[in-house]
Amino acid sequence: MQWFGRRESSNTEDGSASGGRGLALGGGVVGIIAAAIYFFTGIDPSAVLNQVQGNGAPQENNQQAIPDTREKKFAKVVFADTEDVWNKLFSDMGKTYQEPTLHFFREAVNTACGQAGAETGPFYCPGDQKVYLDLSFFNELSQKFGAAGDFAQAYVIAHEVGHHVQDLLGLSARMEQARQQLSESEYNKLSVKLELQADFYAGIWAHYEQQMKNVLDPGDIEEALNAAHQIGDDRLQKEYQGEVRPDSFTHGTSAQRMYWFKKGFETGDLKQGNTFAAGDLE
């Protein structure tokens with residue numbers, strides 16, 4: 001991806017939670033963060049949820065600046081590009097895109113969704129409309145998950161911005177309502193559809209990124225598809241648990257994730273991304 005020297009988003013901030021260890025989850029999207037833990041680490045979310053600090057006060061974020069490394073500058077350029085694309089697409093729909101904030105942190109961070117550690121991986125919090133990113137995850141993505149390349153990183157950021165798009169369209173509120181009403185297995189089915197739609201939106205972004213800016217390099221889409229493959233539920237469960245349990249999927253199989261990203265990229269048509277209406281999800 002040709003990114004060096006291009007506009008960096010100004011909707012960014014730094015800050016890490018001070019003191020304490022573990023993960024104190026709270027607010028209305030515990031399921032989303034727990035899913036992210038499994039999604040990026042293969043760890044059973046219940047093992048992490050057992051670390052919840054039930055009686056602890058929220059910890060403040062230390063606003064110490066994180067150096068402008070190559071990875072940080074790249075993330076800010078990608079975030080700026082998501083702003084450009086989604087502002088256009090929302091305008092085309094007669095809507096106003098409310099730009100989210102990209103929050104960089106180290107090790108731990110306090111959010112409107114609770115306190116999370118770096119082991120959570122990148123995530124979006126609807127409560128404050130921020131995408132949270134510990135830049136050390138980019139090394140994990142390449143070394144642990146076998147998803148190297150700058151566009152693999154761009155895919156992850158675009159996926160989280162996809163959740164913001166869902167939030168603006170009212171899906172986050174509906175998911176939270178469903179989480180309170182459905183069984184775990186039924187909610188997991190909805191969670192898969194939500195995540196696959198975020199993959200579709202990441203593909204939509206890649207489509208217009210190329211159309212509007214012509215900055216993709218040969219092999220970029222393959223890097224994104226490889227990342228989608230490497231972090232599929234079935235592949236992660238097989239590697240970390242030794243067996244595949246479809247009833248506990250939260251993000252979709254490798255094939256599903258690749259399919260929906262590719263569909264978004266190839267069509268550029270938002271109307272084709274209704275994963276909730278798709279039966280077998282392909």
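The analysis underlying the following values was restricted to heavy atoms, covering all of them including side chains, and did not include hydrogens, waters or symmetry mates. Values in this document were obtained by computation on a predicted structure and should not be read as measured data.
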For a quick test of reading the model, state the closest non-hydrogen atom pair linking [X] to [Y] and the distance between them.
{"X": "Ala224", "Y": "Tyr155", "value": "CB-CB, 3.9 Å"}
{"X": "Asp134", "Y": "Ala118", "value": "OD2-CB, 3.2 Å"}
{"X": "Asp84", "Y": "Met212", "value": "O-CE, 3.8 Å"}
{"X": "Tyr208", "Y": "Gly268", "value": "OH-O, 2.7 Å"}
{"X": "Pro122", "Y": "Glu160", "value": "O-OE2, 3.4 Å"}
{"X": "Leu196", "Y": "His251", "value": "CD2-O, 3.5 Å"}

What's the spacing between [X] [atom1] and [Y] [atom2] if we round to 0.5 Å?
{"X": "Leu133", "Y": "Gln153", "atom1": "CG", "atom2": "CD", "value": "9.0 Å"}
{"X": "Asp68", "Y": "Lys73", "atom1": "CG", "atom2": "NZ", "value": "5.5 Å"}
{"X": "Glu186", "Y": "Ser191", "atom1": "CD", "atom2": "OG", "value": "12.5 Å"}
{"X": "Phe261", "Y": "His229", "atom1": "CZ", "atom2": "NE2", "value": "15.5 Å"}
{"X": "Thr69", "Y": "Leu135", "atom1": "OG1", "atom2": "CG", "value": "5.5 Å"}
{"X": "Lys76", "Y": "Glu71", "atom1": "NZ", "atom2": "CD", "value": "13.5 Å"}

Going by heavy atoms in the side chains, are [X] and [Y] under 4.5 Å from each other?
{"X": "His159", "Y": "Glu195", "answer": "yes"}
{"X": "Val192", "Y": "Asn188", "answer": "no"}
{"X": "Val165", "Y": "Trp86", "answer": "yes"}
{"X": "Tyr132", "Y": "Thr111", "answer": "yes"}
{"X": "Glu13", "Y": "Phe104", "answer": "no"}
{"X": "Leu194", "Y": "Phe276", "answer": "yes"}
{"X": "Phe138", "Y": "Asp150", "answer": "no"}
{"X": "Arg257", "Y": "Ile231", "answer": "yes"}

Between [X] (side chain) and [Y] (backbone), is there a donor-acceptor pair under 3.5 Å?
{"X": "Gln197", "Y": "Gly273", "result": "yes"}
{"X": "Thr82", "Y": "Phe79", "result": "yes"}
{"X": "Gln256", "Y": "Thr253", "result": "yes"}
{"X": "Asp220", "Y": "Met1", "result": "yes"}
{"X": "Ser142", "Y": "Ala148", "result": "no"}
{"X": "Glu223", "Y": "Phe151", "result": "yes"}

Practice problem: Answer yes if the side chains of Glu83 and Ser9 hold a donor-acceptor pair under 3.5 Å, and no otherwise. | Solution: yes
Q) Are Asn214 and Gln210 close enough that a side-chain donor and a side-chain acceptor fall under 3.5 Å? A) yes
Between [Y] and [X], does any NZ, NE, NH1 or NH2 come within less than 4.0 Å of an OD or OE carboxylate oxygen?
{"X": "Arg7", "Y": "Asp81", "value": "no"}
{"X": "Asp199", "Y": "Lys263", "value": "no"}
{"X": "Arg6", "Y": "Glu209", "value": "yes"}

Answer with yes or no after comparing the ring centroid distance for Tyr124 and His103 against a 6.0 Å cut-off, counting only values under it.
no
### Message
For a side-chain hydrogen bond (donor to acceptor under 3.5 Å, both in side chains) check, start with the C-alpha distance between Gln98 and His164, then their side-chain angles and the critical distance, and finish with the verdict.
### Response
CA-CA 9 Å; Gln98 301 170 27; His164 176 64; over 6 Å; no
CA sep, side-chain torsions, deciding dist, call: Asn226, Glu222, side-chain hydrogen bond (donor to acceptor under 3.5 Å, both in side chains): CA-CA 6 Å; Asn226 177 57; Glu222 287 72 19; over 6 Å; no
*Would you find more than 12 non-hydrogen atoms of other residues, nucleotides or ligands less than 6.0 Å from Lys213 atom NZ?*
yes
For residues 90-104, the salt bridge (Lys or Arg N to Asp or Glu O under 4.0 Å) pairs (sequence neighbours left out) are Lys88-Asp92
Full working for side-chain contact (heavy atoms from CB on, under 4.5 Å) between Asp217 and Trp3 | CA-CA 10 Å; Asp217 291 324; Trp3 65 272; over 6 Å; no
List the steps, then state whether side-chain contact (heavy atoms from CB on, under 4.5 Å) holds for Leu102 with Asn11. CA-CA 6 Å; Leu102 177 58; Asn11 293 315; over 6 Å; no
For residues 200-207, which side-chain donor-acceptor pairs fall under 3.5 Å, sequence neighbours excluded?
from, atom 1, to, atom 2, distance (Å)
His207, ND1, Phe265, O, 2.7

